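This structure is a prediction, so every number in the text was calculated from the model and none was measured. Throughout, a chain's letter reflects where its sequence line sits, starting with A, and its residues are numbered from 1.
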Amino acid sequence: MCDDASEKIVNIATPVMNKNDRFAAENRKLLGEKGIYTLNLISSPGAGKTTVLESMARFFGQRMAVIEGDVQTRRDAERIEKAGCQAWQIETGGACHLDAHAVKHALDHMDLSSEELELLAIENVGNLICPSGYDLGEDMRIGLLSVPEGDDKILKYPSLFSTINVLLINKMDLIPHLDFDVDITIKECRSLSPDVEVFTVSARTGEGMEEFCEFVESSFS
Amino acid sequence: MHELSLAHDMTRIIGNVLGRKVPLDRVNVTIGPLSGISPESLKFCFTEIAKMEGFGEPELVINLTEAKLICLECGTEYQARDFYQGCPECGSISRKILSGREFTVDSVEIDEGEN
Ligand SMILES: Nc1nc2c(ncn2[C@@H]2O[C@H](COP(=O)(O)OP(=O)(O)OP(=O)(O)O)[C@@H](O)[C@H]2O)c(=O)[nH]1
Ligand SMILES: [Mg+2]
Ligand SMILES: [Zn+2]
């Protein structure tokens with residue numbers, strides 16, 4: 001790339017996320033062509049992503065497929081299959097986030113041909129920091145925060161909560177035991193993502209889940 | 001953040017553009033303050049990875065930009081170094097992010113001994 005052999009400065013001018021973003025665009029195109037609407041679910045470990053997806057699996061049935069991202073084990077994919085949906089497990093083997101290339105591989109292996117299929121949910125690796133910089137090709141990014149984690153998390157993890165379309169506040173059944181302030185959480189989240197939609201749910205009791213599922217459904221139908 | 005994997009991505013990009021592995025003097029990057037990247041952590045990771053990948057021991061020079069935001073209360077466009085700075089006109093923290101997440105490898109300076 002040196003025009004002049006004696007030139008020691010070489011222009012690179014390349015965004016570091018270029019490769020990921022290219023794969024994300026490919027995923028978005030492929031899924032769009034198949035008429036599949038895609039969600040990227042991000043939260044800290046144990047906030048309830050898989051439990052939310054089990055509840056969604058009961059609502060959507062065969063209309064939904066799931067990609068599970070975990071550092072190790074097929075446990076979450078097995079839980080989703082039991083709940084009635086096709087599931088593909090990505091084991092990142094140490095990586096703290098999914099990237100668009102890993103999702104592309106998963107899509108190559110999954111059966112996306114069913115006429116019924118209209119929703120793909122991707123459960124990211126439990127982590128509030130690293131997944132935020134990686135576009136997977138999703139149509140909707142959902143940040144999930146469970147009330148035992150505390151109501152100070154939004155502003156502590158702005159690089160995630162400034163990129164979400166939907167905030168799902170989970171484990172609302174536990175709120176009587178905690179001092180979690182829902183209103184402050186929503187206000188702080190709106191300061192980072194002005195257009196964010198907020199749902200308060202308990203994936204355990206099912207409270208609020210139908211409203212949330214209907215919202216997701218209305219986003220693609 | 002995942003500075004280690006970003007450092008790997010950087011050496012991959014540099015290797016692709018140069019078409020070879022040569023010791024470097026400097027690597028110049030631009031980082032937006034809302035990118036979530038820790039400059040210190042990136043420097044640490046990049047130093048290790050660059051050496052491992054055959055690019056010598058370049059200095060990583062980081063150009064940290066300011067984010068551009070627009071206040072949704074009063075419409076003022078302003079610059080900020082983090083997510084917490086409110087509108088300088090009305091104090092509101094309700095705003096839209098116009099830029100500030102960028103992360104690019106701008107240029108590299110090849111160790112002259114190699115030319
Ligand atoms: N009380 C209560 N517990 C919940 C709720 N949702 C999930 N849990 C529990 O929280 C724990 C973690 O839930 P998971 O769904 O496995 O969380 P996850 O986010 O998928 O976790 P990782 O995949 O490991 O990051 C389990 O014991 C769930 O039963 C809820 O709404 N209320
Ligand atoms: Mg899980
Ligand atoms: Zn203002």
Side-chain angles (χ1 to χ4, degrees), chain A residues 1-2 4-23 42 71 92-102 124-125 127-135 152 154-164 184 186-196, chain B residues 1-20 22 24-38 42 67 69-73 82-84 86-87 92-97 100-115:
Chain A
M1 284 284 172
C2 298
D4 174 355
S6 68
E7 185 62 84
K8 73 167 208 151
I9 299 184
V10 180
N11 197 34
I12 308 277
T14 306
V16 176
M17 298 305 289
N18 249 10
K19 189 175 167 197
N20 184 75
D21 291 347
R22 235 180 12 249
F23 281 115
I42 305 176
V71 172
T92 65
C96 44
H97 59 271
L98 290 180
D99 61 34
H101 185 245
N124 219 308
V125 180
N127 186 318
L128 287 178
I129 305 172
C130 306
S132 63
Y134 291 84
D135 181 7
D152 60 347
I154 303 279
L155 291 187
K156 281 191 180 171
Y157 298 96
S159 55
L160 170 63
F161 290 107
S162 64
T163 63
I164 59 172
I184 286 189
I186 295 175
K187 186 164 164 255
E188 291 185 344
C189 197
R190 292 240 155 88
S191 83
L192 296 172
S193 288
D195 303 322
V196 73
Chain B
M1 192 104 171
H2 38 274
E3 279 76 3
L4 198 62
S5 60
L6 294 177
H8 270 291
D9 288 338
M10 288 170 61
T11 55
R12 175 181 49 77
I13 288 168
I14 293 167
N16 282 348
V17 174
L18 294 181
R20 61 196 172 127
V22 282
L24 303 172
D25 265 344
R26 279 161 67 110
V27 171
N28 299 302
V29 298
T30 296
I31 297 182
L34 310 185
S35 62
I37 298 164
S38 152
L42 186 67
L69 307 166
I70 184 160
C71 175
L72 293 179
E73 290 295 331
D82 57 43
F83 278 102
Y84 308 113
C87 171
S92 169
I93 54 164
S94 168
R95 71 282 221 250
K96 206 178 149 84
I97 296 167
R101 299 188 197 276
E102 55 278 3
F103 176 28
T104 54
V105 181
D106 301 324
S107 59
V108 297
E109 297 175 29
I110 296 172
D111 189 339
E112 267 180 332
E114 286 300 303
N115 278 339

Task: Engaged part of B:R101 at the chain A interface, taking heavy atoms whose separation is under 4.5 Å - done: side chain

TODO: Identify the two heavy atoms, one from B:D106 and one from A:N11, that lie closest to each other, and give their separation to 0.1 Å.
DONE: O-OD1, 3.2 Å

Open item on the list: Could you measure the distance from the OG1 atom of A:T14 to the CE atom of B:M10? Nearest 0.5 Å is fine.
Closed with: 11.0 Å

- [ ] Could you tell me which portion of A:L160 (side chain, backbone, both or neither) has an atom closer than 4.5 angstrom to a non-hydrogen atom of chain B?
- [x] neither

Open item on the list: Given heavy-atom pairs under 4.5 angstrom as the criterion, report whether the side chain, backbone, both or neither of B:I93 touches chain A.
Closed with: both

Task: B:V108 side chain near A:I12 side chain, heavy-atom distance below 4.5 Å - done: yes

Open item on the list: Tell me the closest heavy-atom pair linking B:T104 and A:P15, and the distance in Å.
Closed with: CG2-CA, 3.6 Å

Task: Heavy-atom pair count under 4.5 Å with chain A, highest-scoring of B:I13, B:N16, B:L72, B:D9 - done: B:I13

Task: Side-chain touch B:I97/A:S162, heavy atoms, less than 4.5 angstrom - done: yes

TODO: Could you check if a side-chain atom of A:S191 sits within less than 4.5 angstrom of a side-chain atom of B:F83, using non-hydrogen atoms only?
DONE: no

Task: Minimum side-chain heavy-atom gap B:H2-A:I129 below 4.5 Å - done: no

TODO: Name the member of A:R190, A:H97, A:K187 that forms the most heavy-atom pairs with chain B at distances under 4.5 Å.
DONE: A:H97

TODO: Could you pull out the closest heavy-atom pair between A:L192 and B:R95, with the gap in Å?
DONE: CD2-NH1, 4.0 Å

Task: Nearest heavy-atom neighbours spanning A:M17 and B:L6 - done: SD-CD2, 4.1 Å

Task: Under-4.0 Å salt bridge between A:K8 and B:D25 - done: yes

